[in-house]
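Every chain is numbered from 1, with letters handed out A, B, ... down the list of sequences. Just the heavy atoms: all of them, side chains too, but no hydrogens, waters or symmetry mates, feed the values below.
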There are 2 protein chains.
Amino acid sequence: MKSEHIPKATIGRLAVYIQVLENLLRDGNDVISSEKLAQACSVNSSQIRKDLAYFGEFGVRGVGYYVQELITSIKQSLGIDRVWKCALIGVGNMGSALLRHHDFERRGFKICAAFDCDPDKIGLEFEGMEIVCPTHLREQAPELNLEIGIIATPPDRAQRAANHLVDANIRGIINFAPSRINVPKHIPVEYVDFFDHLYAIAFQITLGND
Amino acid sequence: MKSEHIPKATIGRLAVYIQVLENLLRDGNDVISSEKLAQACSVNSSQIRKDLAYFGEFGVRGVGYYVQELITSIKQSLGIDRVWKCALIGVGNMGSALLRHHDFERRGFKICAAFDCDPDKIGLEFEGMEIVCPTHLREQAPELNLEIGIIATPPDRAQRAANHLVDANIRGIINFAPSRINVPKHIPVEYVDFFDHLYAIAFQITLGND
DNA sequence: GCAGTCATGTGAATTTTTTAACAAGACAGA
DNA sequence: TCTGTCTTGTTAAAAAATTCACATGACTGC
């Protein structure tokens, strides 16, 4: 098929497929059908086949999908078959948790520089990285080949952080701060706030109750 | 309107509206139109009015929405106009970051107990809470009125943690571990994995590139 | 080499979600 | 009180996503 526009929901599901497939592989499964995978992911099997069809034909009729091969294909499709270098802005609670989170590199993302405007933090070393002032972003970004910016500042500092990232020609931004930011529209932004999920749970519980 | 089925996407957007409205309020805005709010949230204004219509009529024609009032109404609609007591299982990197995250209570969720099966951790005190063995969940859950379970274990321990939570009659689960879990279907589960968003950014950057 | 079985890839049908359009209600100023 | 301007709530139209259904291709065993 190899289509033009791909639903955002599809991207989200591909991430789920990868997760489940990696666990399947670890448990020694070499081949899997869309039906089985669908059950493991709690989705419809047509959904899976259609999601994959956006990117190519990865299966074998009458057989299913070779797990390792499929993982590789999905990663290629998403563009995560390589390492993306990231800049972190804001080394507070959230920021330092991210720096400690060693899954980053395994999953294809590497935090290569940490920035914070707090004078008490500048100069400190954290997880083998020196914290520097965000004004240095502009010179460091090209040097270090930074492509993705991670904002983990307080909400009122998020826009300033975004401005620094835009100035530094970063290509995409992920914002952990609980506020919206404005950037030129060619730069994709993703907002992360896990309270969304807590709200969803609270809502579902409340719903079932009356 | 006051409808039956509410799209999941609507719940996600309501969370965004709250975030933006709280920032607007902080900046001294008392009233806002769906059009202005829509711009701030990067959505369509009809979308906002429709999302709100699922739950009631919160605005004034010709005027707009009173910000504080709307925040309250949305929170009531979601069931987050009260404190939800949570149990955390898994006090590793992610788990301890969650315990340190002081926004929890401000946002209506309180982690009241922390569990881990690692003998080296059991008995330790962390952020004013004693880490106990998950086998105690069943007795502590009713005592402490725990309603939501937060799983932050390694992936291969997630199912066991889920089982403990189900046994303890928990009403909803949020899973930070990168693996799927099986629970009775009356218990809502939400999966949190911020790499989803990193994948989405990587994909969008790659897409724009060729 | 042929029959039977299985599971993919895909076009068509269905369902869901989003957007547009407008009638009805609220306020301000004269 | 009446007129004009806003902005909501809602119905109708459009767009998008999901599910169904099946023809097509692949492998197994005889």
Between atom [atom1] in [X] and atom [atom2] in [N], what is the gap in whole Å?
X        : N       : atom1 : atom2 : value
Phe55(B) : dT10(D) : CZ    : C1'   : 17 Å
Tyr65(A) : dC6(C)  : OH    : P     : 18 Å
Lys36(A) : dC6(C)  : NZ    : P     : 11 Å
Lys50(B) : dA12(D) : NZ    : P     : 11 Å
Gln39(B) : dT7(D)  : CD    : P     : 12 Å
Asn44(A) : dA21(D) : CG    : P     : 11 Å
His5(A)  : dA16(D) : NE2   : C1'   : 8 Å
Tyr66(B) : dT8(D)  : OH    : C1'   : 12 Å

I want to confirm an ordering. Mapping Gly62(A) and Pro7(A) to their closest nucleotides on DNA chain D, which one lands closer to the 5' end?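 Its nearest nucleotide lies further toward 5', so the answer is Pro7(A).
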Go nucleotide by nucleotide along DNA chain D from the 5' end; which of Arg49(B) and Ala9(A) gets its closest nucleotide reached first?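 Whichever sits nearer the 5' end wins; that is Arg49(B).
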Show your reasoning for whether side chain to side chain donor-acceptor pair (under 3.5 Å) applies to Tyr17(B) and Asp51(B). CA-CA 10 Å; Tyr17(B) 303 157; Asp51(B) 284 339; 2.7 Å; yes
Using only modelled atom types and a 3.5 angstrom limit, is any donor from either the side chain of Ser46(B) or the base of dA20(C) paired with an acceptor on the other?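 Side chain to base: pair found, below 3.5 Å.
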N/O donor-acceptor pair, side chain Arg61(A) with base dT24(D), under 3.5 angstrom: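 Answer yes: a donor N or O sits under 3.5 Å from an acceptor.
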Which heavy atom in Ser77(A) sits nearest to a heavy atom in Phe58(A), and how many Å separate them?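 Scanning both residues, the minimum pair turns out to be OG-CZ, 3.9 Å.
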Please classify the nucleic acid contact of Ser45(A) as base, sugar-phosphate, or nothing, using heavy-atom distances under 4.0 Å.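 Result for Ser45(A) = nothing.
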Proximity to the side chain of Glu57(A) - top-ranked nucleotide from dA12(D), dG9(C), dT7(D):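 Among the listed nucleotides, the one closest to the side chain of Glu57(A) is dG9(C).
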When you get a sec, tell me which of dT18(C), dT8(D), dG11(C) is the closest nucleotide to the side chain of Ser33(B)?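 Output: dT8(D).
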Under a plain distance cut-off of 3.5 Å, with no hydrogens placed, do Arg160(B) and Asn163(B) share a side-chain donor-acceptor pair?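 Checked: Asn163(B)/Arg160(B) side chains show no N/O donor-acceptor pair below 3.5 Å.
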OP1 or OP2 of dT17(C) sitting under 4.0 Å from any side-chain N/O of Gln47(B)?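 So the side-chain polar atoms of Gln47(B) never come under 4.0 Å of the phosphate oxygens OP1 or OP2 of dT17(C).
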Glu147(A) pairs by salt bridge (charged side-chain N to carboxylate O under 4.0 Å, His left out) with which of Lys110(A), Lys85(A), Arg82(A)?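 Per the salt bridge (charged side-chain N to carboxylate O under 4.0 Å, His left out) rule, the option paired with Glu147(A) is Arg82(A), out of Lys110(A), Lys85(A), Arg82(A).
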Test side chain to side chain donor-acceptor pair (under 3.5 Å) applied to Arg180(B) and Gln159(B), step by step: CA-CA 8 Å; Arg180(B) 304 284 120 176; Gln159(B) 184 60 57; over 6 Å; no
